[in-house]
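Working notes, structure below.
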Amino acid sequence: MDRSGTGRLAVFAVAFALLVNEIMISAIFNVVIGAQNALVAISVAMLGLAASGIVAYVSPAFAAARLTEARIVVLLAATALATVVCTVAIMALPINHGDFSYAPSVAANAWKLAAYVAAVVPFFVGGLTIACVFTKWPERIGTLYFWDLAGAALGCMAAVALMAPLSAPRAIVWASLPAAALALVHLARRGRVAAAALVVVPYALLEAAVGAGVPLYSVKSFNTLGEVDNPSYRSFRATPQDLDFEEWALDAWTIVRRESIPQQWERFRGWGLSKRYDGPVPRMRLVNYNLRFSTYVTEFDGDIGKLSAYLDADLIALHYAIGRTYPRVLNIGAGGGREVLNALNHGSTDITAVDISRATIDELMKGDFAEFSGRLYERPGVTAVADEGRSFVRRSGRTYDLLDFTIVGGTNIEKLDVMKVEDLFTVEALETYLAHLAPDGVFSYVMYNTSADLVAAAAKQPFVANLPYIPALKTLTGLRTVLERMQPGTRFEDHVLIAGLSGVMAKGYDLVHIFVSRSPFTPEERARFERRVADLGFVPLYPAGGGANLYDDIVRAPDLPALERTLPFNIRPATDDRPFHYAFAWHAVPSAAAFAALLWHNPITSTGLVFAAIAVLFLAGPLVVWRRREPAAARTARIAPLLAYFACIGAGYMMIEMAVLLKLQLYLGKPTYSLSVGLFSFLLASGVGSALTNRFRHAPPARVAAWAVAAIVAYGAAFT
C-alpha cells in the first residue's frame, strides 16, 4: 500500500478532514454551546487523537503484524462516515448557548455531553487510521508525518475558503470527501461493491435531502432574551424559512430573523435609550451573531432631523451633549450604523465605519438593508470598511477627532472565562487609539459592567468567590495609565467623564459610557454633561452624583496600585502579553479553599468536568479492556520516559502556537487571517522538519534533540 503512495495519501486526506473539522466545530460550538468554543474544539481534537493512540497501542487488533491494507482502507471509510453522521447529529441537537448561559439544566448538560462525544468520534476514528498507517510502516515515520502535517496545513487554508459558500457543518462533511474517495477507489478495485456503496450512499442521501429542503445542516434551537430592560430568556424551534438572511463566517454565524418570529430582543428601542424618552422610535432590524450578540439597523429616509431627538436620548450619544464638534470620526464596531447616525446628527463630515463582520458591511448594509438604512454606508462623507478595528487604526496613519467604541464584543457569561482574550482594549491598544486622536480628540467607550452598587459591595469584602464582570473598570484604569504616561503631569480627573444606565441586558448590570479627552474638559462642558445626565435619568459615575463608587475611586486615587491592594479583585488593565479581562487577583485569595471556590464559580470548570467524564471513557476505557496485554508496572517503566518527553514537546508546542496566533492577529488584523496563516505555517513547517529527520537517523537521538531544543529556545528568545 505505502509503496504506491496510498498510505501517504490516506494520512494526508484524514489530516485534511480533521483540521477542517476542528476549525468548523469551533464555529458550530459558538452557537450551540457558546462558552470556551475554541478551547473545546482543540480539546475535542486532542482527546480523540490521544484516545486513538492508546487503542492502537494496547489493542491486539492493531498490532503491526495484524494490520493489512484492507483494514486501513476500512478505517479510512469509517472516518468519512463518522464525520458525516456525527456532524448531522450535532446539528440536530435542540440546544443553543443560552441553555447554558441563562437557563442551565440537567437536560441541557446531557445534550452538551452528547455534543462533545459526537464531536470526539471523528477524531478518534481518524486518529486510529493515522496511527495504523504509522504502525504499519514505522521506518517511514518521518515521511508519513510530513504528509500528516501537510494535510492538516492545507486544511487550515481550506477551512477559510469553504466556510462562507458551504456553511460550517457542510464544510466538515465536504472536507471528508477526499478520504471517502480514496476508500472508494480501493474498495472498488477489490470488488467490494457493497462496502463501496456504504461510502457513497450517505453523501448522496445527505445532499439529496438538503436539496429537498430538509434542514440537516441548520441550527435547530433559537432564543430570545425578552426586553432589554426586563430580560427573560426562552428558547424555541426555528428553521431556515424563519430567516431573512444567514451566512457562516469565521467571525460569526450571522442571521437576520424574520419579524414574524421572536427576535433576540423584543420591542427593541436601543441599548441605552433613556427611560424618560417618550418620543417616536424608528423601526429597527436586529442582526444577530451566534445567537448571542446583536447590532441593529435603523430605518432612515435621509432626513436626520426626524431621528435627532431619539438619537440624543441615548447614553451612547453623551459625548455629543458636551457641545464639542467632531469633524473626523472613526467608529469601531459600527455594525448597523447607529453611531454613524449619531455623527451625522452632529455635523461630522468625515466618518469611517469599521466592523469585523464582512457580512454586515457588504451583504447587509450595502445589500439587503441598503434601502432600509437610507444607503447609510454609501452616503457622501461616510466610508464603511470590513476590518479589525485595532489593526485598522494602526494602519490608517490618520488622526481623528472622535474614536468611538460602542459595546464592541457585548456581554455574556462566557466572558468571565479565564481564556477569553480581550486584545481590543489592552494597554498597548489604548496607546494606539489615544496616539491617533487630535489634540482635542475624544476616545469614547461604552460597555456592560457589573452594576456600580454590586461592585462597591464586593469591594468591601475580604474575599469574593463569584468575581464581578468589570471590563469598563479595567479599561478606565488602562486609560488613566496610558494618558498619564503619554502626557506627564496630566490630572486624569480633568480629562474624563462617566455615566451609566442601570438594569440593561440583565439585572445587576450597568451600561457604562466612559469618554476621555486628550485636552481637559472645560467647566462649561462638564456642566452640560451633568445637566444632560440628570435630564435623561442616567447615573453619574464621574463626577459622582451621590455616594462614592469605584469609577470615582479609580479616577481620583493618588496611587492606583495601592487602591488595587485594598480590593478582593483585580482592576489592572489587560496587556498584549496578558490579554485577559479576568478579575482574578492572587493577593485576595486567603486559602486553598478560597481558590477552590473561585474555580468552582468559573464557567470553565463545568466544561472541564464534562471533559473529565469523556476523558475517562475514551482514555481509561481502552486500558481497562486490554489491561492484561502487558503488566502495568512493566509497561509504565518502559514508556514513562517517552510519555514525559512527548508530553513536554506537545505542551511547549501548544504554548508557543497560541502565543504566536495572538501576536499574529495584531499584525494581520482579522482573526481569520491569524488562524489560517498561523496554523498553516506551524503545521507545514513541522511537517518539513519531520521529513528532514531522515537525515539524522544515524545520529544519537539525545544529541539531535538537544540541538533542536537549543535552537527553539534561541529562536524564541529573539522575539522578545
Side-chain angles (χ1 to χ4, degrees), residues 33-36 38-40 43 100-106 109 112 411-422 425-427 447-478 481 506-510 512 547-554 557 559-575 577-616 651 655 658:
I33 294 176
Q36 304 99 32
L39 179 63
V40 166
S43 299
F100 311 105
S101 298
Y102 302 109
S105 66
V106 174
N109 280 291
K112 181 195 285 189
T411 182
N412 191 269
I413 291 176
E414 77 169 57
K415 287 210 163 198
L416 300 178
D417 172 20
V418 70
M419 299 302 294
K420 180 65 182 177
V421 174
E422 293 284 4
F425 300 111
T426 64
V427 168
M447 183 55 73
Y448 296 96
N449 204 84
T450 298
S451 63
D453 57 338
L454 292 180
V455 171
K460 297 176 182 178
Q461 304 300 316
F463 171 73
V464 179
N466 197 358
L467 294 172
Y469 173 67
I470 53 171
L473 288 166
K474 283 175 162 285
T475 300
L476 177 63
T477 306
T481 301
K507 294 178 181 178
Y509 276 81
D510 291 338
V512 179
N549 61 75
L550 197 51
Y551 297 93
D552 192 272
D553 292 343
I554 290 172
D559 186 345
L560 277 177
L563 171 64
E564 184 183 355
R565 287 192 293 271
T566 68
L567 300 173
F569 46 80
N570 174 14
I571 60 169
R572 280 174 295 174
T575 67
D577 288 333
R578 300 183 67 181
F580 309 109
H581 265 328
Y582 195 53
F584 173 77
W586 273 113
H587 73 265
V589 182
S591 65
F595 183 68
L598 278 171
L599 288 179
W600 181 253
H601 283 85
N602 193 302
I604 199 173
T605 302
S606 61
T607 300
L609 291 175
V610 173
F611 260 96
I614 301 175
V616 170
M655 289 178 183
M658 297 305 292

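One is the number of the first residue; the rest follow in order along the sequence.
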Just by distance, do the side chain of [X] and the backbone of [Y] share a donor-acceptor pair under 3.5 Å?
| X | Y | answer |
| --- | --- | --- |
| Asn549 | Asp552 | yes |
| His587 | Pro568 | no |
| Thr477 | Ile571 | yes |
| Thr566 | Leu563 | yes |

Does any part of the side chain of [Y], heavy atoms only, come nearer than 4.5 Å to the side chain of [X], both counted from C-beta?
| X | Y | answer |
| --- | --- | --- |
| Phe463 | Pro590 | yes |
| Pro561 | Asp559 | yes |
| Tyr509 | Leu454 | no |
| Phe584 | Leu467 | yes |
| Trp586 | Asn570 | no |

Mind checking the [atom1]-[atom2] spacing from [X] to [Y]? Nearest 0.5 Å is all I need.
| X | Y | atom1 | atom2 | value |
| --- | --- | --- | --- | --- |
| Asp510 | Thr450 | CG | OG1 | 8.5 Å |
| Leu476 | Leu550 | CG | CG | 8.5 Å |
| Ile470 | Phe569 | CD1 | CZ | 5.0 Å |
| Leu567 | Arg572 | CG | CZ | 11.5 Å |

Practice task
May I have the step-by-step check of side chain to side chain contact (heavy atoms under 4.5 Å, CB included) for Ile33 and Lys112, ending in yes or no?
Solution key: CA-CA 7 Å; Ile33 294 176; Lys112 181 195 285 189; 4.1 Å; yes
Exercise for the section: Given side chain to side chain contact (heavy atoms under 4.5 Å, CB included), test Leu473 with Tyr551 step by step and report yes or no. Expected result: CA-CA 7 Å; Leu473 288 166; Tyr551 297 93; 3.5 Å; yes
Practice task
May I ask you to establish whether Lys474 and Phe425 are in a cation-pi arrangement, using a distance under 6.0 Å from NZ or CZ to the six-membered ring centre and at most 45° from the ring axis?
Solution key: no
Handout entry: Tyr469 and Asn449: CA distance, side-chain angles, deciding distance, side chain to side chain contact (heavy atoms under 4.5 Å, CB included) verdict
Key = CA-CA 6 Å; Tyr469 173 67; Asn449 204 84; 5.5 Å; no
Fill in the blank from the handout: Here the pair of heavy atoms bringing Val455 nearest to Pro468 is CG2-CB, 4.5 Å
Problem - Test salt bridge (charged side-chain N to carboxylate O under 4.0 Å, His left out) applied to Asp577 - qualifying residues, sequence neighbours left out - result: Lys663
Problem - Partner set under side chain to side chain contact (heavy atoms under 4.5 Å, CB included) for Pro104, not counting sequence neighbours - result: none
